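Here the structure is a predicted model, which means the values were calculated and not measured.
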Amino acid sequence: MSAITSPSADLDPDDELDDTSELDSGPDATGRAALLVIGMQQGNLDGCWQAEQVTATVSDLIDRARLASVPVIWVNDLTPPASVTGSGELLSSLTCGAGEYVVLKPYRDGFESTGLADSLATLGSGTLFLCGAWSHESVRATMVGALSRGYSTVLVEDAHTAPSRHDGTATVSGESIVSVVNMIAAAPGAPARDSSTMPCYDVNFSAFVHTDDTAVGDEALAAQEQAQDEALDPGDDDPTDDD
């Protein structure tokens, strides 16, 4: 067990303390991005709020991350929660791409007792986009675990979900759970790293691509930006306008 230490008696109270010193050897929280897809497994989304819509949004995020050569990491439950009945395989509408990392987590926090941090170090990733299920358990715990380890986090606010929960006296809807977790994620982060949220449309993976990522060409980035622009503005042509 590590000993509990006290401040040195020789410490000058007028000395300026460096709040980021413990992160000097940690991840670069402004560095390359990675997308963590958490718990998108068969059975996990049963009864979850807007499960189909969230799954489609997660699928869109994955496609855009791949287009920008941003690493996609699948953070899956080693053992499904006791309340879940399912095979534990990925949802049939989602597919793990060749070379993508798969992390099997025994706890809610995707970092705890897994190789997730090692995988991120290998990739050089310090900014983590998070999506998946369940908002209040694995998504929240992995987000907090990331912040505590020095990563910056971006929770994609419309790409995670949860079922309603009942504690014997009150029921909290899945929608309310998602909203509360979004509020938590939007709170200020900590020294040298940020915590934030944004909707799927506003996610711009190309802003986090390193110039030495040779797999990413200008055409791929332009295609992503064009797709985002077209989704926002389909054009001024009106098929009913004869002028």
Side-chain angles (χ1 to χ4, degrees), residues 1-4 20-29 31-45 48 58 61-62 65 70-84 86-91 94 96 100-156 159-163 165 177-178 180-197:
M1 178 180 295
S2 300
I4 299 176
T20 65
S21 59
E22 66 182 54
L23 300 176
D24 287 346
S25 60
D28 177 6
R32 186 185 191 191
L35 175 63
L36 304 189
V37 182
I38 303 169
M40 296 296 288
Q41 297 162 263
Q42 294 181 22
N44 275 8
L45 275 74
C48 285
V58 169
L61 274 174
I62 294 169
V70 165
V72 176
I73 301 180
W74 301 84
V75 184
N76 294 340
D77 294 322
L78 180 62
T79 303
S83 58
V84 169
S87 66
E89 299 294 326
L90 286 179
L91 295 176
L94 302 177
C96 180
E100 293 178 349
Y101 288 85
V102 177
V103 174
L104 298 179
K105 62 182 184 67
Y107 303 104
R108 292 173 180 171
D109 179 359
F111 288 91
E112 191 66 37
S113 301
T114 72
L116 178 55
D118 291 337
S119 298
L120 292 169
T122 298
L123 295 166
S125 297
T127 300
L128 308 182
F129 288 79
L130 297 94
C131 62
W134 294 342
S135 307
H136 58 304
E137 294 195 358
S138 294
V139 174
R140 179 197 58 81
T142 301
M143 177 183 66
V144 173
L147 284 168
S148 69
R149 291 168 173 84
Y151 298 90
S152 287
T153 62
V154 182
L155 179 62
V156 184
H160 63 101
T161 186
R165 308 305 292 165
I177 291 171
V178 169
V180 169
V181 174
N182 282 336
M183 290 173 59
I184 294 171
R193 66 269 202 201
D194 295 318
S195 173
S196 62
T197 66

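- Across C131 and L35, no two heavy atoms sit closer than the pair SG-CD1, 4.0 Å.
- The side-chain heavy atoms of P163 and H136, taken from C-beta on, include a pair separated by under 4.5 Å.
- When all heavy atoms are compared, the tightest approach of P27 to Y151 is CB-CE2, 3.6 Å.
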Verdict with supporting geometry, F129 and L61, side-chain contact (heavy atoms from CB on, under 4.5 Å): CA-CA 10 Å; F129 288 79; L61 274 174; over 6 Å; no
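- The main-chain N or O of T153 is never found under 3.5 Å from a side-chain atom of R193 such that the two would form a donor-acceptor pair.
- Under a 3.5 Å cut-off, the side chain of T142 and the backbone N or O of G110 do form a donor-acceptor pair.
- Considering CE of M143 and CG of L128, their distance stands at 11.5 Å, rounded to 0.5 Å.
- With contacts defined as side-chain heavy-atom distances shorter than 4.5 Å, the pair L155/N182 qualifies.
- Side-chain contact check for P106 versus T114: some heavy-atom pair is nearer than 4.5 Å.
- Side-chain atoms of T197 do not come within 3.5 Å of backbone N or O of V156 as any donor-acceptor pair.
- The line from CG of L91 to CG of L45 is 5.5 Å long, rounded to the nearest 0.5 Å.
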Less than 3.5 Å apart, which donor and acceptor atoms pair up between the side chains of residues 117-127 and the rest of the protein, not counting sequence neighbours?
{"from": "S119", "atom 1": "OG", "to": "G115", "atom 2": "O", "distance (Å)": "3.2"}
{"from": "T122", "atom 1": "OG1", "to": "D118", "atom 2": "O", "distance (Å)": "3.0"}
{"from": "S125", "atom 1": "OG", "to": "A33", "atom 2": "O", "distance (Å)": "3.4"}
{"from": "T127", "atom 1": "OG1", "to": "A29", "atom 2": "O", "distance (Å)": "3.0"}
{"from": "T127", "atom 1": "OG1", "to": "G31", "atom 2": "O", "distance (Å)": "3.4"}

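- The CE atom of M40 sits 8.0 Å away from the CH2 atom of W74 when rounded to the nearest 0.5 Å.
- A heavy-atom distance below 4.5 Å is not found between the side chains of P71 and Y101.
- In this structure, the separation between OG on S135 and CG on L130 is 11.0 Å, given to the nearest 0.5 Å.
- A distance-only check finds a donor-acceptor pair linking the side chain of Q42 to the backbone of L90 [under 3.5 Å].
- Taken to the nearest 0.5 Å, the CD atom of E137 stands 6.0 Å off from the CZ atom of R165.
- Only one option out of V102, I38, L116 pairs with I73 in a side-chain contact (heavy atoms from CB on, under 4.5 Å); it is L116.
- No donor-acceptor pair closer than 3.5 Å links the side chain of S196 to the backbone N or O of V154.
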Take R149 and D109 through the side-chain contact (heavy atoms from CB on, under 4.5 Å) test and state the conclusion after the steps. CA-CA 12 Å; R149 291 168 173 84; D109 179 359; 3.2 Å; yes
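- Residues K105 and D77 form a side-chain contact, since some pair of their non-hydrogen atoms from C-beta on lies under 4.5 Å apart.
- For the atom pair SG of C96 and CG of N76, the computed distance is 8.5 Å after rounding to the nearest 0.5 Å.
- The two atoms that bring S138 and A133 nearest to each other are CB-O, 3.9 Å, heavy atoms only.
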